[in-house]
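To find a chain, count down the sequence lines: A is the first, B the second, and so on, and within it residues start at 1. Note that this is a predicted model, so its numbers are computed, not measured.
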Protein chains: 2
Amino acid sequence: MAYTKVEQDIVLEKLMDVFRSVGYDGASMTDLADATGLKKASLYHRFPEGKEAMAHAVLNHVANWNNAQIFDILVSSGPVEERLDTALKSIDTLYNGGRVACILRALSHGRAAEIFRSEIAEIFGKWVTAFAHVAGDVGHDPQSANRLGESTLIRIQGSLILAQTLHRPDLFQDALRDIKTDFLK
Amino acid sequence: MAYTKVEQDIVLEKLMDVFRSVGYDGASMTDLADATGLKKASLYHRFPEGKEAMAHAVLNHVANWNNAQIFDILVSSGPVEERLDTALKSIDTLYNGGRVACILRALSHGRAAEIFRSEIAEIFGKWVTAFAHVAGDVGHDPQSANRLGESTLIRIQGSLILAQTLHRPDLFQDALRDIKTDFLK
DNA sequence: GTCTATAGCTAGATAGAC
DNA sequence: GTCTATCTAGCTATAGAC
């Protein structure tokens, strides 16, 4: 019997945790098997193409989550402040308040970057577009809106790096606050 | 005969290139040997503790470079705009206009993070302190100066990630411009 | 679908000649 | 100091029983 979507989603979440915390090269099949509770041969049954296919599946899962929890929220109708609050809350949860790394960052460096760059670029692009959409809603012209979208993503990624390296999750919290201010000022 | 400092510095630069482009886990001894033009056994002669010692030496080299080219410049006397221009120019060169990754970022993720975090945190801290010093010079109170120092580093790291993943070095250039504006407005 | 067992390879690291 | 040759451990990946 085929595994259910829920079971596969749980496996994807576990795989994501490994890639996110130790990186693509740092994630061994043994690590991935241990994290999922499956044996290596069972993982290969689910992902015949091996580690690369696992990371692709994880990225696809992440893209779906982002579409539902962040992009759709940001471009929906309703008060701007409410949309921002909901999306920023999701982002805060996603990164556990600044205490965990970004899976996109983990897969966008080193040899992994060559493999996954286009997928990650697409997700990054959607973040920019979604935030630029909000910027347009609060009166920015298209060019200025786009720049605000870009600087929002820059703030998130940059603050995550500092938050983790300096053990200062408050830097991520500050960044989320600054982002909201940028849009509402 | 012992190798000269220049020879060793060249080796460190080559090692840095490898770590920066493929990450710590992604850098094999074969990669490192090929890049330096030395054989593996010769690398072990220079770095008896192996790969970890090489990365430590690279970080030490980077710290020295940063001290001379960035921190000392920023906290020197002289016109603020001149200091900023010189430091930002160095940063632009360091990251080849936004086209190469940051060695600190490369070593601050995954299993490498546990090993090198404190060294990297110290370098990051100096960046923040140096930029905060400039912020103080242009009239910010200590708390506000510190936040400006932090957001400067966030801008640099975040824009580097986007610049490389999206193949958009202009995002890094924009960030450098925004940084200057932040300080002079 | 999941497992045990293992093949084949490359990793980091070392011995010892020169 | 640098080299060739080699060791062992851990890697990705597969075969085949259940």
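Residues passing the salt bridge (Lys or Arg N to Asp or Glu O under 4.0 Å) test with Asp72(A): none are found, sequence neighbours excluded.
There is no path of hydrophobic side-chain contacts, each under 4.5 Å, that joins Phe124(A) to Val75(A).
Residue Lys39(B) contributes atom NZ, which lies 17 Å from atom C1' of dT14(C) at whole-angstrom precision. Protein atom CG of Leu43(B) is 15 Å distant from nucleotide atom C1' of dT4(D), rounded to whole Å. Between Arg46(B) atom CZ and dT14(C) atom C1' there is a gap of 18 Å when expressed in whole angstrom units. The distance from atom CG of Leu38(B) to atom P of dT4(D) is 12 Å, rounded to the nearest whole Å. Protein atom NZ of Lys40(A) is 18 Å distant from nucleotide atom C1' of dG1(C), rounded to whole Å. Straight-line distance from the CZ atom of Arg111(B) to the P atom of dG12(C): 13 Å, rounded to whole Å. The separation between Asp25(B) atom CG and dT12(D) atom C1' is 16 Å, rounded to whole Å. A straight line from CD of Glu49(B) to C1' of dA13(C) spans 12 Å, rounded to a whole angstrom.
Closest to the side chain of His45(A), from the set dC3(C), dG1(C), dC11(D), is dG1(C). Side chain of Met29(B), nearest nucleotide from dG1(C), dT12(D), dG12(C): dG12(C). Closest contact between the side chain of Ala41(A) and the listed nucleotides dT14(C), dG12(C), dC3(C) involves dC3(C).
Note on Ser28(B): only backbone sugar-phosphate atoms sit closer than 4.0 angstrom, heavy atoms only; bases stay farther off. Residue contacts for Lys51(A): at a heavy-atom cut-off of 4.0 Å it reaches the sugar-phosphate backbone alone, with no base atom in range. In this structure, Ala33(A) reaches neither bases nor backbone, as no heavy-atom distance under 4.0 Å exists between it and the strands shown.
For Glu122(A), the CD atom sits in a loose shell: 12 or fewer heavy atoms of surrounding residues, nucleotides or ligands are nearer than 6.0 Å. Other residues, nucleotides and ligands contribute more than 12 heavy atoms inside 6.0 Å of the CD atom of Glu7(B).
Between Asp174(A) and Arg177(A) a salt bridge is recorded (basic side-chain N to carboxylate O distance below 4.0 Å).
A close approach under 4.0 Å does not occur between any side-chain nitrogen or oxygen of Tyr44(B) and OP1 or OP2 of dT14(C). The side chain of Ser42(B) contributes an N or O atom lying less than 4.0 Å from OP1 or OP2 of dC3(D).
Heavy-atom nearest nucleotides on DNA chain D were determined for Pro48(A) and for Asp31(A), and the one closer to the 5' end corresponds to Asp31(A).
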